[in-house]
Amino acid sequence: MGLRIYNTLTRQKELFEPLTPGEVRMYVCGITAYDLSHLGHARSALVFDVIRRYLEFTGTRVRFVRNFTDVDDKIIKRAEKDGVSPAEVSERYITEYQKDMERLGVLPASVEPKATAYIPQMIALIERLLARGFAYVVDGDVFFEVRRFARYGRLSGRNLDELLAGARVEVDERKRDPRDFALWKSSKPGEPSWESPWGPGRPGWHIECSAMSMEHLGSPFDIHGGGEDLIFPHHECEIAQSEAATDTPFVRYWVHNGFVQINKEKMSKSLGNFFTIREIFEKSPYGAPVTADALRYFLLATHYRSPVDFSDDALWEAKRALDRFYGLFQRLDESSGAAGPGDGLLLPLLERLDEGFRQAMDDDFSTPGAIAQFQLLRGELNRLIDAGLSRRSGERAREHFRSFGRVLGLFQSSWRAWEYESGTAGAETLTDEEIERKLAERNEARRRKDFARADEIRAELAAFGIAIEDRPDGTSRWKR
RNA sequence: GGCGGCGUAGCCAAGUGGCCAAGGCAGAGGUCUGCAAAACCUUUAUUCCCGGGUUCGAGUCCCGGCGCCGCCUCCA
């Protein structure tokens with residue numbers, strides 16, 4: 001079959017063939033580091049993390065670059081507001097971002113370059129564009145002349161006339177054409193600046209990604225990703241700059257993720273309807289590992305290109321779904337050592353997961369399809385356990401969940417850790433010993449057929465958020 | 001206004017022209033249980049926003065509506 005990826009450039013799914021077989025080079029636009037990241041940033045990071053993991057899962061070597069924009073108007077503004085330097089602002093929020101990613105279980109990229117470390121490469125690129133007649137200098141600013149690049153607009157599906165008609169920005173009079181964009185900006189006093197052939201200044205937004213991607217991945221490279229709001233103008237401009245400078249294609253597959261929404265509206269800074277990753281973890285009633293898994297499950301249960309609507313209910317639903325999986329893992333773990341009728345049926349089921357999982361992921365990274373495969377297997381395994389399954393088979397099945405789940409970053413905890421972290425944080429709770437003592441007392445009462453007392457103890461434990469499940473043999477297990 | 005996307009059960013959500021339209025959550029009934037919980041079984045869309053068309057056959061392709069969203073300004 002082979003992996004097929006939806007390419008924004010061609011607006012269709014295409015068979016994915018890396019430039020070098022067995023090796024993929026991908027670049028994803030990271031964040032501008034001027035504030036805490038929100039769920040939308042988390043989705044983008046997660047989606048490309050999963051894409052990267054899946055490629056690696058299939059035996060591909062992945063060189064993965066995710067950048068940080070650490071020079072920008074918003075950073076400068078924030079620095080003024082906080083009374084610190086722009087560098088301090090970006091450093092701080094890069095660190096915060098990395099903390100968030102670690103907590104979410106998003107792996108670090110192979111390279112995480114910062115724009116300011118690539119000023120010489122950017123200057124070289126701009127000089128090349130000037131030499132080739134694609135750019136011009138006005139009072140220390142350098143602009144890219146969009147009209148000179150015939151393919152401008154191809155990625156976002158628009159032509160130059162439409163862009164002019166729809167222009168809502170106030171036009172910089174010094175531009176030859178209102179659609180031209182800045183490659184280099186002369187800096188005002190007090191702003192971060194670097195020496196350049198055109199005087200002290202700082203790079204325009206788009207040029208950094210061209211410089212950093214080509215520096216680390218060459219040109220062309222395989223996959224360039226980002227949120228769909230970057231299609232225009234950011235990625236359109238990247239293509240123009242890069243291809244005008246090198247005269248070779250820039251990127252082969254453009255991949256864009258859809259937005260996180262709140263009540264069907266895009267989550268964004270400007271609308272103010274955003275949740276930071278930080279506050280979701282802090283507000284969550286669960287431990288961080290459980291919240292991370294629930295968040296991942298929630299985000300991956302929708303295809304990456306579709307919008308996904310966030311709510312507390314949605315997160316709760318994801319948590320419930322994961323509870324069922326961890327419930328299965330516990331049952332698998334508790335299965336008796338003896339061989340049973342289920343053992344002979346196990347292997348075909350595991351093979352079916354293998355095939356179904358790959359088929360789903362090969363179809364433009366259909367994580368919802370992959371999750372459905374896990375759900376199917378969950379039901380099958382519960383039935384096998386009812387029929388009788390050996391401990392050895394149970395371990396084998398659990399290992400299957402763990403190895404395939406790793407691609408999505410799910411099912412990696414032990415069921416004990418899962419239950420423990422599911423405990424209502426902050427609330428008063430009981431120690432394991434206290435719970436065991438209560439449980440023993442209850443089971444003693446049950447033996448005496450003193451069900452009133454047994455139910456009373458169950459209610460007491462329930463008040464602490466502890467649920468009891470009785471086993472057929474008269475013992476009980478509990479969950480926080 | 002231009003461009004793009006979406007509209008599938010109470011809710012979330014797959015679906016690359018052709019077996020009964022994945023899967024999950026919630027609900028209902030049942031098995032099990034002292035009662036529960038968990039697990040399992042059964043059940044929940046004669047139909048995929050509406051109207052045309054292409055086809056032997058369309059949720060899936062085409063045309064026209066209606067509704068929602070996004071981009072066109074910084075934005076994952």
Side-chain angles (χ1 to χ4, degrees), chain A residues 1 4 6 8 11-13 28-32 34 37-48 72-74 77 153 156-159 161-170 179 205 225-234 236 256-261 264-271 274 297-298 301-303 305-309 311 313-314 316-321 323-324 327-328 330-331 356 360 363-364 366-376 378-379 381-387 446 449-452 454-455 458 462 467-472 476-479:
Chain A
M1 252 281 283
R4 301 196 320 138
Y6 182 89
T8 307
R11 293 177 201 292
Q12 56 190 10
K13 289 185 199 171
V28 173
C29 289
I31 55 154
T32 299
Y34 74 105
S37 296
H38 60 61
L39 234 205
H41 301 110
R43 185 184 195 194
S44 184
L46 178 60
V47 160
F48 291 102
D72 166 90
D73 290 348
K74 292 189 295 290
K77 220 183 271 175
S156 53
R158 42 196 108 203
N159 63 50
D161 298 336
E162 287 161 3
L163 285 173
L164 199 55
R168 285 195 260 147
V169 241
E170 69 274 27
R179 296 158 295 200
W205 176 34
E228 67 181 6
D229 47 358
L230 298 182
I231 295 172
F232 189 90
H234 186 51
E236 196 71 72
H256 293 96
N257 65 276
F259 298 128
V260 176
Q261 306 183 323
K264 306 278 179 197
E265 273 190 327
K266 175 182 175 180
M267 176 183 287
S268 74
K269 277 270 155 58
S270 40
L271 285 169
F274 61 90
Y297 188 99
F298 159 70
T302 300
H303 186 88
R305 283 191 283 118
S306 303
V308 56
D309 216 271
S311 65
D313 277 359
W316 165 250
E317 192 180 301
K319 162 69 165 63
R320 286 280 300 154
D323 282 341
R324 301 252 152 93
L328 167 67
Q330 181 171 8
R331 294 190 78 204
D363 182 12
D364 195 26
S366 178
T367 52
I371 287 174
Q373 292 299 316
F374 285 119
Q375 292 284 9
L376 246 28
R378 180 175 65 84
L381 286 174
N382 270 312
R383 277 189 284 280
L384 253 49
I385 290 169
D386 289 344
R446 288 172 69 213
K449 305 248 186 258
D450 182 358
F451 297 121
D455 291 351
R458 181 164 61 194
I468 290 172
E469 294 174 13
D470 294 333
R471 297 194 186 92
S476 304
R477 69 185 199 189
W478 54 273
K479 294 184 174 191

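Please read all numbers here as calculations on a predicted model, not as lab measurements. Here is the naming used below: chain letters follow the sequence lines, and residue numbers restart at 1 for every chain. Values below: every heavy atom of this structure, side chains too, minus hydrogens, waters and symmetry copies.
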Interatomic distance at [atom1], [N] relative to [M], whole Å:
N: A58(B); M: G17(B); atom1: C1'; value: 6 Å
N: U8(B); M: G30(B); atom1: C1'; value: 30 Å
N: A37(B); M: C32(B); atom1: C1'; value: 11 Å
N: G70(B); M: A13(B); atom1: P; value: 16 Å
N: G29(B); M: C12(B); atom1: P; value: 25 Å
N: A28(B); M: C72(B); atom1: C1'; value: 50 Å
N: A26(B); M: G10(B); atom1: C1'; value: 8 Å
N: U31(B); M: U46(B); atom1: P; value: 29 Å

For [X], answer base if it contacts any base atom (sugar-phosphate contacts may also be present), sugar-phosphate if it contacts only those atoms, and nothing otherwise; contact means non-hydrogen atoms under 4.0 Å.
X: Gly226(A); answer: sugar-phosphate
X: Val28(A); answer: nothing
X: His38(A); answer: base
X: Gly258(A); answer: base
X: Ser306(A); answer: sugar-phosphate

Give each protein N/O atom lying under 3.5 Å from an N/O atom of nucleotides 21-28 of chain B, with the pair distance.
{"residue": "G24(B)", "atom": "N2", "partner": "Glu317(A)", "partner atom": "OE2", "Å": "3.3"}
{"residue": "C25(B)", "atom": "OP1", "partner": "Arg324(A)", "partner atom": "NH1", "Å": "2.4"}
{"residue": "A26(B)", "atom": "OP1", "partner": "Arg320(A)", "partner atom": "NE", "Å": "3.4"}
{"residue": "A26(B)", "atom": "OP1", "partner": "Arg320(A)", "partner atom": "NH2", "Å": "3.1"}

Base-pairing assignment for [N] (Watson-Crick or G-U wobble, both under 3.5 Å):
N: G67(B); value: C6(B)
N: C19(B); value: none
N: U43(B); value: G27(B)
N: C74(B); value: none
N: U60(B); value: none
N: C35(B); value: none

Nearest of [options] to any side-chain atom of [X]?
X: Arg446(A); options: C74(B), C71(B), G34(B); answer: G34(B)
X: Asp386(A); options: G34(B), G70(B), A39(B); answer: A39(B)
X: Phe232(A); options: C71(B), A76(B), C35(B); answer: C71(B)
X: Asp470(A); options: G70(B), C35(B), C74(B); answer: C35(B)

Hey, is the side chain of Asn382(A) poking within less than 4.0 Å of OP1 or OP2 on C40(B), counting only N and O atoms?
yes
Least distance between heavy atoms, [X] atom then [Y] atom:
X: Ser156(A); Y: Arg11(A); result: C-NH2, 3.4 Å
X: Phe48(A); Y: Gly226(A); result: CZ-N, 3.3 Å
X: Asn257(A); Y: Ser44(A); result: OD1-OG, 3.1 Å
X: Thr302(A); Y: Thr367(A); result: O-OG1, 3.8 Å

Determine, for Arg320(A) against Asp313(A), whether the closest basic-nitrogen to carboxylate-oxygen distance falls under 4.0 angstrom.
no
Assess whether a salt bridge exists between Asp323(A) and Lys479(A), defined as any Lys/Arg side-chain N lying under 4.0 Å from an Asp/Glu carboxylate O.
no
Would you confirm whether Gln261(A), through its side chain, and Pro307(A), through its main-chain N or O, come within 3.5 Å as a donor-acceptor pair?
no
Sub-3.5 Å donor-acceptor pair from the side chain of Arg43(A) to the main-chain atoms of Phe259(A), do we have one?
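Such a contact is found between Arg43(A) side chain and Phe259(A) backbone.
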With a 3.5 Å cut-off and heavy atoms only, can you find an N or O donor on one side and an acceptor on the other between the side chain of Arg331(A) and the base of A38(B)?
no
Go through the N and O atoms of the side chain of Asp455(A) and the base of G34(B), and report whether any donor-acceptor pair is under 3.5 Å.
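Between G34(B) and Asp455(A), which were checked side chain against base, a qualifying N/O pair under 3.5 Å is present.
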Residue list, side chain to side chain contact (heavy atoms under 4.5 Å, CB included) with Asp364(A), at least two apart or on another chain:
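Expected list: Ile5(A), Tyr6(A), Lys13(A), His303(A), Tyr304(A), Arg305(A).
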Tabulate protein N/O versus nucleotide N/O from nucleotides 66-69 of chain B, keeping only pairs under 3.5 Å, one per line.
{"residue": "C69(B)", "atom": "O2'", "partner": "Gln261(A)", "partner atom": "NE2", "Å": "3.2"}

Are any of the side-chain heavy atoms of Val260(A) and His38(A) separated by less than 4.5 Å?
no
Do Val308(A) and Met267(A) touch side chain to side chain, with heavy atoms closer than 4.5 Å?
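Result no, sub-4.5 Å side-chain heavy-atom pair not found.
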For RNA chain B, whose closest nucleotide is more 5', that of Asp72(A) or that of Asp323(A)?
Asp323(A)
When the nearest nucleotide of RNA chain B is assigned to His41(A) and to Ala452(A) on a heavy-atom basis, which residue is associated with the more 5' position?
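Closest to the 5' end, via its nearest nucleotide, is Ala452(A).
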May I ask you to establish whether Lys319(A) and Tyr297(A) are in a cation-pi arrangement, using a distance under 6.0 Å from NZ or CZ to the six-membered ring centre and at most 45° from the ring axis?
no
Length of the line joining Asp73(A):CG and C74(B):P, which is rounded to integer Å:
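These atoms are roughly 10 Å apart.
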May I have the distance from Lys449(A) (atom NZ) to C35(B) (atom P), rounded to whole angstrom?
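So the two atoms are 11 Å apart, to the nearest Å.
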